[in-house]
Structures are given as structure tokens and as C-alpha cells.
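For reference, the structure discussed in these notes is given below.
Ligands are counted one by one from 1 in listed order, and the atoms in each one are counted from 1 as well. Here the structure is a predicted model, which means the values were calculated and not measured.
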Amino acid sequence: MVMRRLEELHFINSYARLPDGFHSRLRPQPLAAPRLAAVNPAAAALIGLSPEELERPEFTACLNGEWLPPGAEPLAAVYAGHQFGQFVPQLGDGRALLLGEVQGEGGRWELQLKGSGITPYSRRGDGRAVLRSTIREYLCSEAMHGLGIPTTRALGLIDSEEPVYRESVERGAVLLRMAPSHLRFGHFEFFYYRQAWDELRTLGDYALREHFPHLVGEVDPFMRLFEEVIAGTAELMARWQLVGFAHGVMNTDNMSLLGLTIDYGPFGFLDAYDPGHIGNHSDTIGRYAFDQQPRIGGWNLSRLGQALMPLFEGEAAEAAARANAALEAYEPAFQRAYAEGMNAKLGLAERREGDGDLAKRLLSLMQAERLDYTRTFRALAGTEAPHESLAAWHQEYRQRLELEGRDDAARRAAMNAVNPVYVLRNHLAQRAIELAERERDYSEIERLHRLLQHPFDEQPGMEAYAEEPPEWAEELAISCSS
Ligand code: AMP
Ligand code: MG
């Protein structure tokens, strides 16, 4: 692979070629006294960037917006979205800036700064991101990638001396994140609700050409695109539920067209299994509770379907009927992916009647006993019941396993490849945050990042990272303010 310097990145910038009404061009606003806090060579490799480049002062200056690689064309994109069920006609990159789109070996990657200052879409916000939330996004996006779950990636992170005012004074930080596209459902909603049909079509054509090129020339290509987004979202929701991930703010502006996990805010991984878990303290009614996510994914897709309606072929009522039929595939697609994934977690290579029920009974016992989600599934690979309350269930489970052709060692290996030892529990992120905030010591970010790149492998000396949270973690409140 060709290893490039920062100056040699090959910018394509397809989004920047869209007309003016899609974005505003502006420069990032630097923070005082930037300091590099984390870099990710694995993400750099995706754009052919040599790892030494991340140590250059220019890289820090790039995250701080003081220096931009040649070819970058920074812009903030406009979008809209349904926030907690209410339509908001104009949102957009309020604190993010797309630097451009870079050609890598395996595809193109958008490079986006988050926390780089006010944009025309900041509304009442300050355009900043605090160190705490930036560390959480950095670590979690890479942890999700380690788990094999589609997500935006993180290339680097800077801390600063810039005061940012939230519940208290915190320090500003900037994350450099990457994704093949940061397109959200809300991008389409923006033009649909303004009845800007030409722009809606331009956006649709763009998405099709750049991100779903195999659909160009198909009959009714936007219906095909919609079907693919439905399938991708169903798959993503299944992956979240299987790993115990609660996103926290599933507004349509936080839903990726490519089925990526995007915009990490008040997210959390379940510790004790509690299906009604609400990660976001501002979500008083639990709209985005853990067990609501699949349903909300479907609701969000119906909002996207509405926004795509003018692009579907044929007469309106008939196109609407086909869009609804497409949406009806969502729930079964989710159930299929979830059932398959759950069987894999249980080490069942074959699907048999009653498997779903077996899993449901395990989950309700785990809920009643408040058993740790990640640890319980990991322990199932062993021969003993993970907990005495599971003894009766475990006997049944052993009987079910007897029906499988696979030997026990193969089963154990297969289970250990899907049930992680390590997830980014809130208290783990919190320790990294406190060290960074208090001592400007970023070593725990690095340690966690390294650990979570291989979440399925038991790593010597890292046993404490697989433990249940300490009592103080119960008090950790994750709010929307970030
Ligand atoms: P979120 O739900 O956190 O992804 O953000 C919702 C909207 O608010 C997006 O348009 C963000 O760009 C915007 N936003 C969030 N925080 C800020 C901030 N501190 N300054 C400006 N805009 C913000
Ligand atoms: Mg957002």
C-alpha cells in the first residue's frame, strides 16, 4: 500500500460539489493551546496515511483547524430531523465540519471535525464539544468497530485550554472522525419538508451515485435504495440489541443512511440486564430506552420513506403502498438477524423450534436477578451455569446443546468469537476521562483503545476491565449535554 503524507492525501470532495443550498463553506475556529490526546493508526491506514504523520505538529494543527491539508474544502452540511418525535425543520452540522472526502485503497472516507466552532446551523449552541464527550465518542466508535458493528471511525482527538460552559466549566476538544458518508435520514427530510423537490432529487441522485452505485440504472432506484436502508437499519438494530448497546438519542438526524452507528452522545452498554434501561437522562419518558430501539428504528425509517416519496416512481398512492410494503420487511428482517445472532451467542449452530423461547427465558432470568449482560453470555461458553439462579435453565440449555452436531471445543470457540469479554462500560470510559481531565494524562484512553480493538480475546493483566462496574458507577449520569 502507498503510504501518504498529510500533504499527499487524495481529496475527492463529492459532497462539496453539491450546490450551495446543501452546505455552508467556512473555516474551523481553533481552540486555545491544543494538545494531542489520542491517535488511531488503524484508521489512518484506511486513507493510506502513514502512522508517523499522526505525530506531526501539522496533524494537531489540522484537528485544531489552524492548518488544513491541501485539497480540504471545509463545510457544514444542512439537514433536518425528528427530535424526540417532533420535526425540527433545520438542524445541520452545528459543531462539525466536513474537511473533505479522501480516497483510500478500499474506498472513500469523509474526514469530519467535531467541536470545531460555530456554524450557520449552531442555533443556540457554542459549536464546541467537551473533552469528556469527545473521549467517549473516540473510544466507543473504535470499540464498536472492534465488535464488528458498523460505525463511524475516529482518527484522532485533541484536548485544549479552551473553556467550554456546560453544567460546569469544561475543556473544549475536537474529534476527527471518518465515515464513507455522514449522510443522515435528516438530510432528506430537510428538502422534503421545504418542498424543495429539485434539491431532493439532486440529493437522491448524489446518494445513489456515490453510495449505492450498484442501484444506478435499476427500475425505481430510490425504492431499491430505501429497501437497502431498511435492511441495513434492521441489521444495525439487531447488532445493538445483541451486544447490549443503547444509543440514547435515536433522532432521525442521528440515523445514518449507510446503517452506521453515528453521533455517540449519552450511549451506554448494559451492565446488569435491564431491557428498560434509559441511557439518556434527558429522555424522561424512555422513548429511546434500550428495548425501544428496534421499534424506533422502524419509526425513523417511515420518516425517511416519507421524505423519499417524491423520488419513487409511479403514481403517488401506488408508490406509497410500495413504500409501506418495503417497510413491512423491516420487522421480520430485524427478527431474523436478532434470532440468528442470539443463536450464535448461545452457541447453537442450527436453528430449532424453541430456540427463541430458550433465549427469552434466559433474558427474563437475567433481568430478575440483575445479571451482567456481557459477563453472563461470555460465561455460557463454560460448562457450568454462570449463576445459581440459572441452574434449571442451564440444564435445559445443555439438553438443547446435545442436539447439535458440533463438538464442545468448536462450540466454545464460536461463542467466544461473538460474546465479548470487554465492552466500553461507562465506568471504564469515566476513568479515562477523569485522568485526562485532571492530569492531562491520556494513557488510559490509549490502554482502553488497545483493549477494545480485540474485545473477544482475554488479555492477560486486563481482568479488571471485564469486571462488573463498581458501586460508584451507579451514580454516573450521562446527559445530552456534550
Ligand atoms: P445531537 O443530537 O447531539 O447529535 O445534536 C443535535 C443537533 O444539535 C445537531 O444539529 C448538532 O449539530 C447540534 N448541536 C449539538 N451540540 C451543539 C453545540 N454545542 N453547538 C452547536 N450545535 C450543537
Ligand atoms: Mg447529531
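The count of protein N, O or S atoms under 2.8 Å from the Mg ion (ligand 2) stands at 2, with waters excluded from the count.
Residue contacts with ligand 1 for Arg166 involve side-chain atoms from C-beta outward but no N, CA, C or O (heavy atoms, distance under 4.0 Å). Only the side chain of Tyr79 comes within 4.0 Å of ligand 1, counting heavy atoms alone; its backbone N, CA, C and O stay farther away. Within the 4.0 Å heavy-atom criterion, the part of Asn254 lying near ligand 1 is the side chain and not the backbone. With a 4.0 Å heavy-atom cut-off, ligand 1 is reached by the backbone of Arg128 but not by any atom from C-beta on.
Every residue was checked against the side chain to side chain donor-acceptor pair (under 3.5 Å) condition with Glu199, not counting sequence neighbours, and none meets it. Qualifying side chain to side chain donor-acceptor pair (under 3.5 Å) partners for His211, counting only residues two or more places apart in sequence or in other chains: none.
In the vicinity of Asp263, heavy-atom distances shorter than 4.0 Å reach the ligand 1 atoms 4 (O). Short contacts between ligand 1 and Gln83, defined as distances under 4.0 Å to a heavy atom of the residue, involve ligand atoms 6 (C). Close approach to Arg123 involves these atoms of ligand 1, each under 4.0 Å from a residue heavy atom: 7 (C), 8 (O). With ligand atoms numbered from 1 in the order given, ligand 1 contributes 18 (C), 19 (N), 20 (N), 21 (C) to contacts under 4.0 Å with heavy atoms of Gly127. Within ligand 1, counting atoms from 1 as listed, the ones closer than 4.0 Å to a heavy atom of Leu91 are 10 (O).
Listed by first and then second residue, the salt bridge (charged side-chain N to carboxylate O under 4.0 Å, His left out) pairs involving residues 443-453 are Glu444-Arg447, Glu446-Arg450 (not counting sequence neighbours).
Side-chain atoms of Tyr373 do not come within 3.5 Å of backbone N or O of Leu363 as any donor-acceptor pair. Checked by atom type and distance alone, the side chain of Tyr465 never pairs as donor or acceptor with a backbone atom of Leu424 at under 3.5 Å.
Heavy atoms of other residues, nucleotides or ligands lying less than 6.0 angstrom from CD of Glu471 number 12 at most. Other residues, nucleotides and ligands contribute only 12 or fewer heavy atoms inside 6.0 Å of the NE2 atom of His145.
Closest approach of Asn64 to Leu31, counting heavy atoms only: OD1-N, 2.8 Å.
Closest to atom 10 (O) of ligand 1 by heavy atom, among Gly92, Gly94, Ala77, is Gly92.
Not a single heavy atom of Arg124 sits less than 4.0 Å from an atom of ligand 1.
The pair Arg153-Glu142 meets the salt-bridge criterion, with a side-chain N (NZ, NE, NH1 or NH2) lying under 4.0 Å from an Asp/Glu carboxylate O. Salt bridge annotation for Arg128-Glu170: absent, with no cationic side-chain nitrogen under 4.0 angstrom from a carboxylate oxygen.
At least one side-chain heavy atom of Pro266 sits under 4.5 Å from a side-chain heavy atom of Val249.
With Met255 as the partner, the side-chain contact (heavy atoms from CB on, under 4.5 Å) test is satisfied by one option alone out of His82, Met250, Arg303, Arg184: Met250.
Considering backbone and side-chain N/O of Asp126, one or more are found under 3.5 Å from N/O of ligand 1. For ligand 1, the polar-atom distance check against Asn251 finds no nitrogen or oxygen pair separated by under 3.5 Å.
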